[in-house]
Structures are given as C-alpha cells and as structure tokens.
Amino acid sequence: MREKLDLYLDLIRWNRPAGWLLLLWPSLSALWVAAHGFPGWHLLAVFTLGTILMRSAGCCVNDVADRDFDKHVKRTAQRPVTAGRIGVKEALVLGAVLALAAFALVLTTNAATIAWSFVALAIAIAYPFAKRFVSMPQAVLGVAFSFGIPMAFAAVESRVPLLAWVLLLGNLFWVLAYDTEYAMVDRDDDLKIGIKTSAITLGRADVAVVMLCYAAYLVIWAAALAGEKLGAFFALGLLAAAGQAAWHWSLIRDRTREGCFRAFRLNHWVGFAVFAGIVLGYATRS
C-alpha cells in the first residue's frame, strides 16, 4: 500500500509543487481583483484545493498521452506510467477521481463558474495532444494555465468581464516564457523524437522571445490594473517580478539544461511577487 501511494504521489508530482504554484498565483490574483480585496475563505479554499487537484489530474492525463515520447527523454524516462510501474487505465482512473473532486468544489460556487469549468476541463485535456499538431503547444498550455482567471471572476461576479480576458492574455505571455524555458531543457531530445515545442520553433530567438514574453506579461497586468489604484505595493511587486525575469535571462542565455531548468522551477516566485503586490495593494488602498 505504501509503495502504491508513493507511485501515485510521484505521478501527480507531489514533491514538485512548482507546477501547481504556477497555476495558483494568477488564479488567486484574479480572485482578489474580482473581489476588490480578500475574496473570503470559501473561495480561497475552493481555488487553492481545486488548483492542486486539477494540476494533479492533468499530470495523469499528460503522462498517459506522452508515455511513448517520455521514454526517449532523459528527464522523463522514469515517470511511473512511462516506466510501466502504473498502468494506463489506472492513471486515467486516478486522474478522473481527482478531476471529480475538483468539480465537487466547483459545485459549491455558482452556475457561471460551473459552466466555465467544462471549458477549462476541455482545454486541459486537449493540451497534452497539442504538441503533435501545433508548432507552439506552449500557447495552448498558456490558455489552460490561465483559465483560473476567468473562473475566479465568474465565482465572484457571476460573469466574466473584459478585464478577466485581458489578464488572461497577459498571463498567457508569462506561461509562454516559463514553458519555453522548460522546453529548452529537452530541446535535443525533442528534436530526435519529432515533438513540436516553442524552443524548437523559435530556434536562436528563444531567449529574446522569452524576455519579451516576460515584459508583455508585466506590462499588460500593470496597464489592466492601473484603474484599481493599488499604489506602491503593487508597483514593488511588479518590480520584484521584473528583477527575477532579468535574473532568469542570466540563467538561460547560455541555453544549458541546468540553467533553463532552474529558471523554470523558480518561476512561481515571479507569480507570487505579483500576487503579493496585489494583496498588499488592496489591503492598504484608501
């Protein structure tokens, strides 16, 4: 039983929380913006737990979809499904259970959030297969990893205003930045097996585009939230995020596996800096 539990925890990347943190910070930021401050414990719990559950479910689907590719990539060859330690059907059942648990949380919100959750699920399922057909599947991931934003607005306002879509667009650029860093780690392996990624599509422009995406993310969020008058704390949060992005340039400019992977793993601090600026901005707004 203990061994099986360890396999399940490995499958959902339990010991690598960076993945669900990348989802969590923009979702919580959107909750604060939609509520113009603290959104209440109920929605905070729903979106935090729901993010963890859906990211875990996504790992199950992704590893099943990529099992024949992952065995050719050094970094992913020992994933439980790829290595044959967990069966395909077993992984999909676990993913379905986790997704249903997340949906149960959504059912405690409102009709608008429930409706948008089906769209979010469809995008999450589509992403693992995008790399077979799309030259920059990171853009599909960008939508999937940003969909907590419109859902947060739906949960608070029972509708999804234009502001939510603008924030989603900005966040999509951030996902493009960090997932291209991730793709740069596996570029050599991906070229051998024929997977499409942004790192391959962009070629030698990869580093420049990553930095432009960071800039687009921060500029769009700054412009979108200018009317909220969040003051110095929000400005400091954006500045801290920009400083981290500049540091990531120093990590990825030589395109080493270690540097690119480190930049990817630390990206959740970029999102946290923006989130912290928003929280403190609303808390101190007069």
Side-chain angles (χ1 to χ4, degrees), residues 1-24 48-105 120-134 137-138 140-141 144-145 175 178-200 256-268:
M1 176 65 81
R2 176 67 190 187
E3 183 179 351
K4 179 65 72 172
L5 177 61
D6 287 341
L7 282 174
Y8 286 161
L9 292 175
D10 189 22
L11 174 61
I12 65 173
R13 324 275 203 273
W14 184 254
N15 63 335
R16 283 156 287 182
W20 59 262
L21 289 171
L22 291 170
L23 279 160
L24 182 65
T48 300
L49 294 175
T51 293
I52 296 171
L53 288 168
M54 281 307 298
R55 191 262 180 169
S56 300
C59 289
C60 297
V61 175
N62 184 78
D63 284 11
V64 168
D66 285 353
R67 64 190 185 280
D68 292 329
F69 294 120
D70 284 349
K71 63 186 177 184
H72 299 291
V73 178
K74 183 187 305 182
R75 187 179 49 78
T76 59
Q78 294 306 311
R79 286 178 174 173
V81 176
T82 303
R85 290 177 291 159
I86 292 180
V88 169
K89 184 181 294 185
E90 188 177 2
L92 291 176
V93 168
L94 176 61
V97 169
L98 293 168
L100 285 172
F103 185 62
L105 291 171
L121 178 63
I123 298 170
I125 292 174
Y127 164 68
F129 302 97
K131 64 190 71 174
R132 293 162 173 78
F133 310 105
V134 181
Q138 282 68 25
V140 181
L141 182 71
F145 265 45
V175 180
Y178 66 65
D179 207 50
T180 297
E181 292 173 343
Y182 192 51
M184 289 165 71
V185 178
D186 298 328
R187 177 161 30 203
D188 293 342
D189 293 325
D190 290 341
L191 280 167
K192 292 176 185 176
I193 59 182
I195 285 181
K196 296 176 171 60
T197 73
S198 57
I200 293 171
T256 64
R257 285 179 182 260
E258 296 76 13
C260 293
F261 193 50
R262 188 181 183 197
F264 165 75
R265 286 192 302 106
L266 295 173
N267 249 282
H268 62 92

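All of these numbers come straight from a predicted model, not from anything done at the bench.
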Undergrad: How about N62 and Y127: do any of their side-chain heavy atoms sit closer than 4.5 Å?
TA: yes
Undergrad: Do you know which two heavy atoms are closest between A99 and A57, and how far apart they sit?
TA: N-CB, 4.0 Å
Undergrad: Which residues pass the ring-ring contact (aromatic ring centres under 6.0 Å, His included) test with Y182, sequence neighbours left out?
TA: F264
Undergrad: Are R187 and T197 side-chain neighbours, meaning at least one heavy-atom pair lies under 4.5 Å?
TA: no
Undergrad: Dump the intermediate steps for side chain to side chain contact (heavy atoms under 4.5 Å, CB included) on I52 and W14, then the final yes or no.
TA: CA-CA 9 Å; I52 296 171; W14 184 254; 4.1 Å; yes
Undergrad: Using the rule side-chain contact (heavy atoms from CB on, under 4.5 Å), only one of L23, L24, I12 pairs with R55; which is it?
TA: L23
Undergrad: Give me the one residue out of L92, L11, T82 that meets side-chain contact (heavy atoms from CB on, under 4.5 Å) with V64.
TA: L92
Undergrad: Atom CD1 of I86 and atom CZ of R67: how far apart are they, to the nearest 0.5 Å?
TA: 13.5 Å
Undergrad: Enter the distance from T48:OG1 to W20:CH2 here, rounded to the nearest 0.5 Å.
TA: 8.0 Å
Undergrad: Quick one: salt bridge (charged side-chain N to carboxylate O under 4.0 Å, His left out) partners of R85, sequence neighbours excluded?
TA: D10
Undergrad: To the nearest 0.5 angstrom, please state how far the CZ atom of R79 sits from the SG atom of C59.
TA: 7.5 Å
Undergrad: What distance do L98 atom CG and S56 atom OG have between them, rounded to the nearest 0.5 Å?
TA: 5.5 Å
Undergrad: Could you give the distance from CD (E90) to CG (L7), rounded to the nearest 0.5 Å?
TA: 8.0 Å
Undergrad: Answer whether the closest heavy-atom distance between the side chains of R262 and V185 falls below 4.5 Å.
TA: no
Undergrad: Hey, what do you get for CD (Q138) to CZ (F145), rounding to the nearest 0.5 Å?
TA: 11.5 Å
Undergrad: Not counting sequence neighbours, which residues clear side-chain hydrogen bond (donor to acceptor under 3.5 Å, both in side chains) with T180? List them please.
TA: S198
